[in-house]
Amino acid sequence: MTESASSFVSLDLRRRLRDQAWRVWLITTFIVLAWTGSIVAAPLLGLPSVFSFFGYICHQIPERSLHVAGHQMAVCSRCFGVYFGLFAGIVTYPLWRPVDEIEPIARIWLFLSLIPIAIDWSLTVFRIWENTHISRFVTGMILGVGCATFIVPALVEITRNFSGRRLRSQ
């Protein structure tokens, strides 16, 4: 009971912050779903503008890209792994951590999620081992999930900071 009165947060404010965090999570989930879905949908629906848009952020080498129904996806297998991992991490985030928790986990986990992708890339660059679609996808997915665990609390905190005065005054 050594907390001061200035650190008091009413139950009503806590509820509003929690509701706001869930809205941020839901919007983020839909945005990442649309992003990941457009990667798959672009070649299937014949959307060359979407395919060329992703060309700005990925090399799109056909041999390194996954194919769906005989059509090359809009990004390579590693990039798709990162985006799919980001989606999977965001969707499963509430299963292991409260959505309204804005304190990030230790940064070491983000750096550890980089190790598999760095090893996979390095082994190929130094001609020790030729990576595969599966290794590129899985290592990308590990990084994507790692990034999701930092993105969700960051977005909740950013939203909270921009709407803090409004929430407290209601």
Side-chain angles (χ1 to χ4, degrees), residues 17-44 50-68 71-163:
L17 290 172
R18 188 178 53 248
D19 291 348
Q20 179 190 57
W22 278 103
R23 283 191 301 275
V24 168
W25 175 82
L26 190 62
I27 291 167
T28 304
T29 301
F30 282 120
I31 290 170
V32 175
L33 175 64
W35 183 270
T36 307
S38 65
I39 292 169
V40 178
L44 291 177
V50 175
F51 192 86
S52 63
F53 165 77
F54 281 106
Y56 290 110
I57 55 176
C58 179
H59 56 72
Q60 296 179 325
I61 297 172
E63 307 78 63
R64 293 182 172 258
S65 299
L66 297 170
H67 290 70
V68 178
H71 300 284
Q72 178 185 344
M73 293 174 78
V75 295
C76 70
S77 55
R78 181 171 288 132
C79 288
F80 185 67
V82 171
Y83 298 133
F84 186 79
L86 187 63
F87 173 71
I90 289 172
V91 166
T92 60
Y93 187 87
L95 299 176
W96 65 276
R97 194 156 193 242
V99 174
D100 58 338
E101 175 64 48
I102 59 172
E103 190 63 34
I105 62 173
R107 279 187 222 125
I108 187 70
W109 292 107
L110 183 59
F111 294 114
L112 289 175
S113 70
L114 283 166
I115 291 173
I117 205 167
I119 291 171
D120 187 52
W121 177 83
S122 298
L123 290 175
T124 300
V125 166
F126 295 117
R127 300 182 194 279
I128 297 170
W129 178 69
E130 183 62 36
N131 56 25
T132 63
H133 287 306
I134 293 172
S135 70
R136 289 189 293 267
F137 177 79
V138 170
T139 57
M141 192 169 156
I142 292 168
L143 178 60
V145 170
C147 289
T149 62
F150 288 88
I151 290 172
V152 171
L155 290 175
V156 169
E157 184 176 16
I158 289 167
T159 305
R160 192 174 286 180
N161 288 338
F162 279 116
S163 63

Considering all heavy atoms, the nearest H133-S65 contact: CE1-O, 3.3 Å

Close side-chain approach of R97 and I105, heavy atoms under 4.5 Å: yes

Main-chain N/O of D100 paired with R160 side-chain donor or acceptor, under 3.5 Å: yes

Aromatic plane relationship, F53 with W35 - under 30° parallel, 30 to 60° tilted, over 60° perpendicular: perpendicular

Residue pair S77 / R136: nearest heavy atoms and the distance that separates them: OG-NE, 3.2 Å

SG on C76 to CD on E63, rounded to 0.5 Å: 11.5 Å

Side chains of W121 and I117 in contact at under 4.5 Å (non-hydrogen atoms): no

Closest contact, heavy atoms only, V32 versus Y83: CG1-O, 4.2 Å

Pair T159-Q20, side-chain donor/acceptor within less than 3.5 Å: no

Euclidean distance, I115 CD1 relative to S122 OG, rounded to 0.5 Å: 11.0 Å

Where P94 and W22 come nearest, the two heavy atoms and their spacing: CB-CH2, 3.5 Å

Intermediate values then yes/no, side chain to side chain contact (heavy atoms under 4.5 Å, CB included), W109 and T149: CA-CA 9 Å; W109 292 107; T149 62; 5.8 Å; no

Validation row: L155, W25 side chains within 4.5 angstrom (heavy atoms): no

Non-hydrogen side-chain atoms of F51 and Q72 separated by less than 4.5 Å: yes

Spacing of CG belonging to L123 relative to OG belonging to S135, to within rounding of 0.5 Å: 9.0 Å

Side chain proximity check, L143 to T139, heavy atoms < 4.5 angstrom: no

Validation row: S113, L110 side chains within 4.5 angstrom (heavy atoms): yes

Heavy-atom closest pair, residues G85 and V145: O-CG2, 3.3 Å

Parallel, tilted or perpendicular, as decided by the 30° and 60° cut-offs, for the rings of F84 and F87: tilted

Sub-4.5 Å side-chain heavy-atom contact between T36 and V40: no

Full working for side chain to side chain contact (heavy atoms under 4.5 Å, CB included) between F54 and S38: CA-CA 10 Å; F54 281 106; S38 65; 3.5 Å; yes

Separation between CG of L86 and CD1 of I151, rounded to the nearest 0.5 Å: 4.5 Å

Validation row: L114, F111 side chains within 4.5 angstrom (heavy atoms): yes

Candidate list T29, I102, I90, V24, test side chain to side chain contact (heavy atoms under 4.5 Å, CB included), partner V152, passing option: I90

Spacing of L112 atom CG and R107 atom CZ [to the nearest 0.5 Å]: 13.5 Å

Interatomic spacing from SG in C79 to NE2 in H59 - rounded to 0.5 Å: 6.0 Å

